[in-house]
**Q** 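A single structure is presented below for examination.
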There are 2 protein chains.
Amino acid sequence: MTRDSKTARPDPDRDELAFLARYDAAEFPHPSLAVDVVLVTAHEGRLRALLVRRDEHPAKGRWALPGGFVRLDESLEEAAARVLREKAGLADVFVEQLFTFGAVDRDPRTRVITVAYYALVDHERLAAANPGSGDSLVAVLDVPWSGVAGGAVRAQRTGGESLALAFDHAIILGVAVERLRGKLDYAPIGFELLPAHFTLRQLQHVHETVLGHAVNKDSFRRRMLASGRVVATGQRERDASHRPAELYRFEPNETDGRTLTPPAARR
Amino acid sequence: MTRDSKTARPDPDRDELAFLARYDAAEFPHPSLAVDVVLVTAHEGRLRALLVRRDEHPAKGRWALPGGFVRLDESLEEAAARVLREKAGLADVFVEQLFTFGAVDRDPRTRVITVAYYALVDHERLAAANPGSGDSLVAVLDVPWSGVAGGAVRAQRTGGESLALAFDHAIILGVAVERLRGKLDYAPIGFELLPAHFTLRQLQHVHETVLGHAVNKDSFRRRMLASGRVVATGQRERDASHRPAELYRFEPNETDGRTLTPPAARR
DNA sequence: TGAATAGTGTCTATAAGACAATATCCC
DNA sequence: GGGATATTGTCTTATAGACACTATTCA
């Protein structure tokens, strides 16, 4: 790294340290910064997400994404993981940054910018960690558009009753679904919605649930097996009332394990 | 929207207004929130980006992405547009949110989270608006990885001299290049790096510059023409010392004009 | 044995890569 | 005409969709 010659000066380090000592972060007003997590799962052919009932103002009584304010000593990713731990009782799930929402009036309290994350977990794990208390539920997502058209997404109870969403969370849910649909075909994320061992039909069912339409069975099998990320375990399905299918597991590529999240931003 | 029955209470609106009147945003410490813009262009086979020399601490003398703190009365997109206007003299360019960087120690002053945007502009426009003063330059990007492997990106002067980058801006540049490469094949963004009228060869050259490798000419032409987004103008190239090529222009699809940015987040 | 789904093989349609042939401009 | 690139057409190859057929389990 060649330093630009114009920057040469007597004692840069001491100079900078002196500057930092004088710096006052409260000099001008700051917005509030939050993280919200779209914790997605798939069950019975429907996409679902964890919602939490707000018991305080603003939007008291409405349903919101689990979220919280970012602490000064934690990274954004740590904040998202903390929210998942505290509000969903989950650790070690797939989490990725979704989008940052910063409309001026998105929160009536004051200016709140939220960095949204989405997390993927198989339904059994989520149901075990969140046995549907009165304060939280796994809502069914009702996506009123097809493909990656985008737009707000509605939430309802399993019975079909609509849930009133807080703030711009219907929009955030929509962006999450859009992102999932867009990434599903080229990124190894379908597996994250299934247990460690799964059949190809289960995987296809998950893809169809995310995409919102049926996919071709033959080419789906071929693509999955050709990807090299789906390997047979030798075990077979148990309870089926028909020929049991082979159980597979997800085996990451060399190129996996990295996402758009740059390592330096993960800390 | 059916309201959950448990939320019923005497006068919800007045209740919420009273709450908001009491709310104190300064109750707990807030991080600083900035936007940084990766203003990308392509010229002479190289990807380039606008950098600004920092004349204040921290990182004084180093080269940084144009950026600024977000004001309480502007959206994130407005802040990015303002930065482009103030630091690059540009308006009405393609801008899209890239990623939000929030490592605890990414800025030595205090906790600063930055929402990074990338903007695309054709080189002539950028050169006209930014005639390379001492404080800013259009740096050449040296990408030390291929495909979408990701990682830090180096910056240099046109002559080849390395430029010391401030903060985590080498990482941000890397994420921008990774995103560009990932989106180029399915999103109409190559056009944004060219003037309104262009030849197919120019478009191919832009794609090759972004991707960092040669692409097949025949299939490139076919794909572009089949996309329906490239329409002939009837005009032809002028200065060429060979058979002049037809000039085309970009014609958005019905499905274009929308990005991952949800409309509600754009204000 | 029948119902139901798993898994295999083959044919066809489509898109990409390769390459040859012709067209059109400037010098 | 020669140099250079544009543009068109054809052939080959890889992949997705369609479909027929066999395999295996449980009831």
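All values reported here derive from a predicted model rather than from experimental measurement. Proteins get letters first, then strands, A, B, ... in listed order; numbering begins at 1 in each.
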**Q** Tell me whether A:R236 contacts the main-chain N or O of A:P244 through its side chain, where contact means a donor paired with an acceptor under 3.5 Å.
**A**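 Between the backbone of A:P244 and the side chain of A:R236 there is a qualifying donor-acceptor contact (under 3.5 Å).
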**Q** Report the distance from atom CG of A:D185 to atom C1' of D:dT15, rounded to the nearest whole Å.
**A** 14 Å
**Q** Rounded to the nearest Å, what distance is computed from the CE atom of residue A:M224 to the C1' atom of nucleotide D:dT15?
**A** 14 Å
**Q** In this structure, how many angstroms lie between the C1' atom of C:dA15 and the CG atom of B:L225, rounded?
**A**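 Atom CG in B:L225 sits about 14 Å away from atom C1' in C:dA15.
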**Q** Tell me, for nucleotides 18-27 of chain D in 5' to 3' order, what letter each nucleotide earns: B for a base near a protein heavy atom under 4.0 Å, S for only sugar-phosphate near one, - for neither?
**A** BB---BBBS-
**Q** Would you say a side-chain N or O of A:S219 is under 4.0 Å from OP1 or OP2 of D:dG17?
**A**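 Checking A:S219 against D:dG17: at least one side-chain N or O falls below 4.0 Å of OP1 or OP2.
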**Q** Could you work out, with side-chain contact (heavy atoms from CB on, under 4.5 Å) as the rule, every residue matching B:A155, not counting sequence neighbours?
**A** B:L51, B:A139, B:L163, B:L165
**Q** Could you tell me if the side chain of A:L184 sits less than 4.5 Å from the side chain of A:H207, heavy atoms only?
**A** yes
**Q** Distance check needed: C:dA6 P versus A:Y248 OH, whole Å only.
**A** 11 Å
**Q** Rounded to the nearest angstrom, tell me the gap between atom CD in B:Q235 and atom C1' in D:dA6.
**A** 17 Å
**Q** So A:E77 and A:Q97, do their side chains get closer than 4.5 Å, heavy atoms only?
**A**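 The answer is yes, as the side chains (C-beta and beyond) meet within the 4.5 Å cut-off.
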**Q** Find the distance B:R221:CZ to C:dA18:P and express it as a whole number of Å.
**A**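 That distance rounds to 17 Å.
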**Q** Is there side-chain contact between A:L98 and A:Y117, with heavy atoms separated by less than 4.5 Å?
**A** no
**Q** B:L120 and side chain to side chain contact (heavy atoms under 4.5 Å, CB included): which partner among B:L194, B:L193, B:T41?
**A** B:L193
**Q** Is any side-chain N of the basic residue among B:K183 and B:E96 closer than 4.0 Å to the acidic one's carboxylate O?
**A**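 Looking at B:K183 and B:E96, the cut-off is met.
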**Q** At what distance, to the nearest 0.5 angstrom, does CD of B:Q235 lie from OG1 of B:T199?
**A**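 Answer for the CD-OG1 pair, B:Q235 versus B:T199, is 13.0 Å.
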**Q** Measure the distance from NZ on A:K217 to P on C:dG9 and round it to the nearest whole Å.
**A** 14 Å
**Q** Just checking B:E237: base, sugar-phosphate only, or nothing, at a heavy-atom cut-off of under 4.0 Å?
**A**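 No contact at all - B:E237 keeps every heavy atom at 4.0 Å or more from the nucleic acid.
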**Q** Please work out which residues in residues 195-213 of chain B have a non-hydrogen atom less than 4.0 Å from an atom of DNA chain C and list them by number.
**A** none
**Q** For the pair made of CZ in B:R223 and P in C:dT14, what is the distance, rounded to whole Å?
**A**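 Answer to the nearest Å: 19 Å.
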**Q** Indicate yes or no: at least one non-hydrogen side-chain atom of B:V175 is less than 4.5 angstrom from one of B:I172.
**A** no
